[in-house]
Amino acid sequence: MKIVLTGAPGSGKTTLIKALGGLGEQTVPEAAIDVIQALVKEMGLSEQDEWRRGDPLGFQQRIYRHQTELEAILDPSRRSFLDRGTLDGLAYLEMFKTHAPDSFKVQLAAHHYDHIFFIEPLNLDDLDLRQESGRNDSIEEAAKLVELLQAVYLKNGYTIHRIPPLSVAERVRYVLDLANTLERETASR
């Protein structure tokens, strides 16, 4: 079972993924962070930011390639939690008013996920955007992404399961309980 954790930047997805991994769950880190770190090494902090803003499609294509590499090494017999899914890229392209070629949309949508868990932001004004990591999201963009991410997944036929703003331990418990319930429901069909 592949479960995507998505939501606004700084909403706690990565913290939740790390906590789940610490409990032995199979996890996939956010591909964009790996790509940003590689770009910072390649170009420098301000140059990579300028490149990403100037070529959002190229940036999302690099993320997609890395995401598919990360997903390819998953053990399909185990449940996995992913820090974002490929469709997140469409929301980002929409936010930056960048046209995605139909062929790229098809690639992004071709990845099947079993469930989408939307991590509700704790408080948009208090998001940890981790800009020192090379991220360049603003609070306004984070708020817009909340809408766009939900719209993209719904448009592609997914049901969104909302994960409320809770402490890390409570979120972990909530996510595991929900995943276990969904697994039991799937097994009983």
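Residue numbers start at 1 and run along the sequence shown.
Going from atom OH of Y64 over to atom CG of L57 covers 13.0 Å, rounded to the nearest 0.5 Å. If you take CZ on R52 and CE on M43, they are separated by 10.5 Å, rounding to the nearest 0.5 Å. Put simply, CZ on R171 and CG on L20 are 11.5 Å apart, with the number rounded to the nearest 0.5 Å. Separation of atoms CG (L108) and CD (Q60) is listed at 8.0 Å; rounding is to 0.5 Å. Atom-to-atom distance recorded for E30:CD and L82:CG is 11.5 Å, nearest 0.5 angstrom. Rounded to the nearest 0.5 angstrom, K13 NZ and I17 CD1 are separated by 9.5 Å.
Side-chain contact between W51 and E42: absent, with no pair of heavy atoms (C-beta onward) separated by less than 4.5 Å. Taking the side chain as every heavy atom from C-beta outward, V175 and I163 approach each other to under 4.5 Å. At a threshold of 4.5 Å between non-hydrogen side-chain atoms, the residues L39 and F59 count as touching. Side-chain contact check for I116 versus T6: some heavy-atom pair is nearer than 4.5 Å. Side-chain contact between D34 and L70 is present, with heavy atoms from C-beta onward closer than 4.5 Å. With a 4.5 Å cut-off on side-chain heavy atoms, L149 and R84 count as touching. At least one side-chain heavy atom of L145 sits less than 4.5 Å from a side-chain heavy atom of P9. Looking at heavy atoms from C-beta onward, D83 lies out of side-chain contact with V28 at the 4.5 angstrom threshold.
With T68 contributing its side chain and H66 its backbone, the two residues share no donor-acceptor pair below 3.5 Å. Remark: side-chain polar atoms of Q26 are not paired, donor with acceptor, to backbone N or O of L74 under 3.5 angstrom.
A perpendicular orientation is assigned to the rings of Y158 and Y153, their planes being inclined by more than 60° (bins at 30° and 60°).
If you chain together hydrophobic residues whose side chains sit under 4.5 Å apart, L178 and V4 never meet in one group. Cluster annotation: F104 is connected to L87 through the hydrophobic network of ILVMFWY side chains, with a link wherever side-chain heavy atoms come within less than 4.5 Å. Transitive grouping of hydrophobic side chains (ILVMFWY, heavy atoms separated by less than 4.5 Å) keeps I119 and L148 in distinct clusters. Hydrophobic clustering (side-chain heavy atoms under 4.5 Å, transitive across Ile, Leu, Val, Met, Phe, Trp, Tyr) groups V172 together with L182. At a threshold of 4.5 Å between side-chain heavy atoms, the hydrophobic network of Ile, Leu, Val, Met, Phe, Trp and Tyr places L154 and F117 in two separate groups.
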Can you check side-chain contact (heavy atoms from CB on, under 4.5 Å) on E69 and I73, steps first, answer last? CA-CA 7 Å; E69 291 166 0; I73 60 175; over 6 Å; no

Set out, in order, the CA-CA distance, both residues' side-chain angles and the distance that settles side-chain contact (heavy atoms from CB on, under 4.5 Å) for L176 and L23, then state yes or no. CA-CA 10 Å; L176 291 174; L23 294 174; 3.9 Å; yes

List the steps and the verdict of side-chain contact (heavy atoms from CB on, under 4.5 Å) for Y113 and T86. CA-CA 10 Å; Y113 302 110; T86 57; 3.4 Å; yes

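For the residue pair D55 and G58, the shortest heavy atom distance occurs at OD1-N, 2.9 Å. The shortest non-hydrogen separation linking S11 to P121 is CB-CA, 4.0 Å. Between A31 and Q67, the shortest heavy-atom distance links the atoms CB-OE1, 3.4 Å. Closest non-hydrogen pair, G7 versus F118, comes out as CA-CE1, 3.6 Å. When all heavy atoms are compared, the tightest approach of T27 to G21 is CG2-N, 3.7 Å. Pairing each heavy atom of I36 with each of Q48, the nearest pair is CG2-OE1, 4.0 Å.
Salt bridge absent: E25 and R78 never bring a charged side-chain N and a carboxylate O closer than 4.0 Å. Using a 4.0 Å cut-off between charged nitrogen and carboxylate oxygen, E183 and R79 count as a salt-bridge pair.
Side-chain contact annotation: Q61 with R65, donor-acceptor N/O pair under 3.5 Å absent. For S167 and E170, the side-chain atoms include at least one donor-acceptor pair closer than 3.5 Å. When only modelled atom types and interatomic distance are considered, R162 and Q150 share a side-chain donor-acceptor pair under 3.5 Å.
You'll find the ring centres of H115 and F81 outside the 6.0 Å limit.
Atom NZ of K2 has more than 12 neighbouring heavy atoms from other residues, nucleotides or ligands inside a 6.0 Å radius.
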